[in-house]
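Quick note on labels: first sequence line is chain A, next is B, and so on, each numbered from 1.
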2 protein chains.
Amino acid sequence: MSFSTSEENYLKAIFKIAERKGVPVSTNAIAKELHTSAASVTDMLQKLAEKQLVQYRKYRGVELTSDGKEVATQLIRKHRLWESFLVEKLGFSWDEVHDIAEQLEHIDSPLLVNRLDAFLDFPKFDPHGDPIPDRNGKFTLRSQIPLHQLSSGEVGIVIAVQNHEKGYLTLLDELDIQIGTSIRLIETFDFDNSLKIEVSDSREHLISDHISKNIYVRKV
Amino acid sequence: MSFSTSEENYLKAIFKIAERKGVPVSTNAIAKELHTSAASVTDMLQKLAEKQLVQYRKYRGVELTSDGKEVATQLIRKHRLWESFLVEKLGFSWDEVHDIAEQLEHIDSPLLVNRLDAFLDFPKFDPHGDPIPDRNGKFTLRSQIPLHQLSSGEVGIVIAVQNHEKGYLTLLDELDIQIGTSIRLIETFDFDNSLKIEVSDSREHLISDHISKNIYVRKV
DNA sequence: AAGAATATTTAGATTTACCTAAAAAAAAAT
DNA sequence: ATTTTTTTTTAGGTAAATCTAAATATTCTT
């Protein structure tokens, strides 16, 4: 079975929100994620429910069925493989690839995906540090914590960022923060949750809660 | 400006028919090429005319404007670059790539196209031997003649095939005919325009007019 | 627990790209 | 030069995905 680009985008959005906030996923949360109206979301949820891709209860929100999860996972696999391709093979930087991958993920050819996977040497993580599901949909898990959960003095290596907006990633570039960068937490200000950090044993920055909460590190 | 997948497909179809049969291009020819109804074609032609992509005269057929040609050429460029990528980098064979490239050609990112071009080392011809327009839309021309225009005894090198249907290409594979294969014309039967040929100085075949007319060679 | 605020669904339209059937124009045949 | 055939257009409709406004359900507040 195969699905429209729009249906696929809804399934992926539901998957991502469920990952962040748990189930059930609300109509409004989906509308916000996809920059569309709540009314449109309701329409689509009813359609996806008929196709057995989601379990939907009026006014109560929605949850992916195993079929729905399968579709979402394959989309995420395609998105992250294409992002890896763009960065590794075509020389794009991590802040340029999201929108292009957003288009490429809807290309329908399982053979292409698997050939691409092999061509890239079966990468486990994409350029933003997010795990790439294998052809069976299995994610490689990695112990990661949000930057602000480090204690003062502790050092972490950046392994993922959860916000892929171009502006956010460009900002990180200016702070010299990339996947693999080491960051030492100097001090936390409870007042506004801002953090003083030291990047790569050299530059010190004061960063807002808004910036730090999307950076994930592995303690070293 | 950017166009829907459907609009793009119409522009490409008009371009290809004009190449084969000249202008103006008829409504029915487009309907046949796109497997759609004549009525749908008329609708779309009126829309494309409003956008200044075609010059359209009721009942008289249609012709691309320079804007329309530009869009069509860039699509062909993308299609052929992606086909080259699929064959050269991912190990597909020439009879598997058309449908996938048909999807990939609608990905909208000029930067991506040019990076892909560079990654492939600026190829001049695709796996079917067709010229790939450069970023300015210029095609490299090559003196090619249809196989049946060889005289008896003459030898040609296959440089292009004009039909990209999977079944046709698979048939050519079985005859050991690929880009670069040398073919000697032994004899032409005027009765049904079938040809007796010798492939790669070894195998002899009798091929129908239907097969031969899509094979283009360069005399040696 | 009632009223206010928020979230969600329904109703009714719009746009795009398609369709079939009927009408009209152009081309071919006698 | 009519008539017949073919091609093309118009008319009217459908399905997908969206929208705004109104109605209804749920949750929050006091």
Handout entry: Identified side chain to side chain donor-acceptor pair (under 3.5 Å) counterpart of Arg77(B) within the set Asn136(B), Asp126(B), Asp117(B)
Key =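 Single side chain to side chain donor-acceptor pair (under 3.5 Å) partner of Arg77(B) among Asn136(B), Asp126(B), Asp117(B): Asp117(B).
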Phosphate OP1/OP2 of [N] contacted by [X] side-chain N/O (<4.0 Å):
X	N	value
Gln46(B)	dT10(D)	yes
Ser4(A)	dA16(D)	no
Ser40(B)	dC18(C)	no
Arg60(A)	dT27(D)	yes
Lys58(B)	dA24(C)	no
Ser37(B)	dC19(C)	yes

From the options [options], select the nucleotide whose nearest atom is closest to the side chain of [X].
X	options	answer
Tyr56(A)	dT18(D), dT8(D), dT8(C)	dT8(C)
Ala39(A)	dT8(D), dT20(D), dC19(C)	dT20(D)
Tyr10(B)	dC18(C), dT20(D), dT9(D)	dC18(C)

Handout entry: Side-chain touch Ile14(A)/Glu63(A), heavy atoms, less than 4.5 angstrom
Key =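 With C-beta onward as the side chain, the pair stays apart.
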Practice task
Just call it for Thr42(A): base, sugar-phosphate, or nothing, with non-hydrogen atoms closer than 4.0 Å on any strand.
Solution key: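 Contact class for Thr42(A): base.
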Practice task
Indicate, with a heavy-atom threshold strictly under 4.0 Å, whether Ser6(B) touches base, sugar-phosphate, or nothing.
Solution key: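 It contacts sugar-phosphate atoms only.
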Problem - Ring centers of His128(A), His98(A) separated by less than 6.0 Å - result: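 That pair fails the under 6.0 Å test.
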Problem - Phe139(B)-Phe125(B) aromatic ring centre distance below 6.0 Å - result: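 Between Phe139(B) and Phe125(B), the centre distance exceeds or equals 6.0 Å.
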Practice task
Inspect the contact between Asp134(B) and Lys124(B) and indicate whether a charged nitrogen and a carboxylate oxygen are less than 4.0 angstrom apart.
Solution key: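 Looking at Lys124(B) and Asp134(B), the cut-off is not met.
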Whole-Å gap separating [atom2] ([N]) and [atom1] ([X]):
X	N	atom1	atom2	value
Ile30(B)	dT8(D)	CD1	P	9 Å
Tyr59(B)	dA27(C)	OH	C1'	13 Å
Asn28(B)	dA25(C)	CG	C1'	14 Å
Leu45(B)	dT8(D)	CG	C1'	10 Å
Asp43(A)	dT10(C)	CG	C1'	9 Å
Lys51(B)	dT16(C)	NZ	P	7 Å
Lys21(B)	dT7(D)	NZ	C1'	14 Å
Glu50(B)	dT15(C)	CD	C1'	13 Å

